[in-house]
K.L.:
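One structure is given below, represented as structure tokens, and several questions about it will come after.
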Amino acid sequence: MGVSLSKGGRSGTDASLYSHRDYRSDLDGVQPIRDWSSFHSEFARVFGFPAFYGKNMNAWIDCMTSLDQPDDGMSTVHCAPGSVLTLQMINAGDFASRCPEQYEALVQCATFVNARRLELGEEPVLALDFKS
């Protein structure tokens with residue numbers, strides 16, 4: 001399935017499901033991400049990035065930085081201020097060996113999202129959790 005969102009045992013892409021403090025998004029490293037195009041398409045689809053999403057990691061950082069700021073219009077998935085969305089990578093080893101550039105970029109850019117927020121005096125908004 002690729003990337004999916006879940007909260008309290010429910011899953012889907014409907015942002016209205018996410019109104020509490022803990023959020024998790026699952027990414028299956030086996031499919032459908034195969035290259036840069038599919039990486040950006042999958043994240044844009046699941047997180048509801050805007051039509052002007054640039055399909056590059058700078059644009060990905062911009063969208064993910066605003067997960068708790070719905071008025072920014074950078075995604076249709078939102079978490080409450082002060083909460084963290086955990087991106088759980090299932091089959092992370094497969095993803096890392098099959099798509100090493102995308103895997104490394106995901107780690108580096110998720111770190112940058114939180115660093116940027118800390119520089120602005122905001123709380124981190126994104127966490128990574130890797131499963132074999």
K.L.:
Any chance you could measure D94, atom CG, to C99, atom SG, to the nearest 0.5 Å?
P.N.:
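One gets 8.0 Å once the value is rounded to the nearest 0.5 Å.
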
K.L.:
For S97 and P100, work out which heavy atoms get closest and say how close.
P.N.:
O-CD, 3.8 Å

K.L.:
For the residue pair C63 and P50, establish whether any side-chain heavy-atom pair is separated by less than 4.5 Å.
P.N.:
yes

K.L.:
On the 0 to 90° scale, with breaks at 30° and 60°, tag the F47-F43 ring pair as parallel, tilted or perpendicular.
P.N.:
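It falls in the parallel class, under 30°.
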
K.L.:
Show the numbers, then the answer: is there a side-chain contact (heavy atoms from CB on, under 4.5 Å) between Y103 and Q108?
P.N.:
CA-CA 9 Å; Y103 175 86; Q108 289 179 357; over 6 Å; no

K.L.:
Which of parallel (below 30°), tilted (30 to 60°) and perpendicular (above 60°) describes W60 and F39?
P.N.:
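Rings of W60 and F39: tilted, as their planes differ by 30° to 60°.
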
K.L.:
With a 4.5 Å limit on heavy-atom distance, are the side chains of L118 and P124 in contact?
P.N.:
yes

K.L.:
M89 and side-chain contact (heavy atoms from CB on, under 4.5 Å): which partner among D129, V107, L106?
P.N.:
L106

K.L.:
To the closest 0.5 Å, what do you measure between NZ (K131) and CD1 (I90)?
P.N.:
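K131 NZ to I90 CD1: 9.0 Å, rounded to 0.5 Å.
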
K.L.:
Under the salt bridge (charged side-chain N to carboxylate O under 4.0 Å, His left out) rule, what pairs show up with a residue in residues 101-110, not counting sequence neighbours?
P.N.:
none

K.L.:
Do any pairs count as a salt bridge (charged side-chain N to carboxylate O under 4.0 Å, His left out) and have a residue in residues 71-89, sequence neighbours left out, and if so which ones?
P.N.:
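Residue pairs with at least one partner in residues 71-89: there are none.
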
K.L.:
Answer yes or no: is there a side-chain heavy-atom contact under 4.5 Å between R116 and D62?
P.N.:
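SC-SC contact between R116 and D62 confirmed.
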
K.L.:
Given S75 and L67, is the side-chain contact (heavy atoms from CB on, under 4.5 Å) satisfied, shown in steps?
P.N.:
CA-CA 7 Å; S75 72; L67 288 173; 3.9 Å; yes

K.L.:
Looking at OG of S83 and NE2 of H78, how far apart are the two atoms once the value is rounded to the nearest 0.5 Å?
P.N.:
11.5 Å

K.L.:
CE of M74 to CZ of F49: how many Å apart, nearest 0.5 Å?
P.N.:
8.5 Å

K.L.:
Within the structure provided, determine whether N114 and L126 are in side-chain contact (heavy-atom separation under 4.5 Å).
P.N.:
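Touching, per the 4.5 Å side-chain cut-off.
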
K.L.:
Are V125 and V84 close enough that some pair of their side-chain heavy atoms sits under 4.5 Å apart?
P.N.:
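With C-beta onward as the side chain, the pair stays apart.
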
K.L.:
How long is the gap from CE on M57 to CD on Q102, to the nearest 0.5 Å?
P.N.:
9.0 Å

K.L.:
Could you walk me through whether F95 and F130 pass the ring pair (Phe, Tyr, Trp, His ring centres under 6.0 Å) test, one step at a time?
P.N.:
CA-CA 11 Å; F95 181 60; F130 298 117; 9.0 Å; no

K.L.:
Looking at A110 and L128, what are the two nearest heavy atoms and their distance?
P.N.:
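That would be CB-CD1, 3.8 Å.
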
K.L.:
For residues 118-128, which residue pairs qualify under salt bridge (charged side-chain N to carboxylate O under 4.0 Å, His left out), counting only residues two or more places apart or in two chains?
P.N.:
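Qualifying pairs, neighbours excluded: R117-E122.
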
K.L.:
Could you pull out the closest heavy-atom pair between A59 and N56, with the gap in Å?
P.N.:
N-OD1, 2.8 Å

K.L.:
Would you say the side-chain atoms of D35 and S38 include a donor-acceptor pair closer than 3.5 Å?
P.N.:
yes

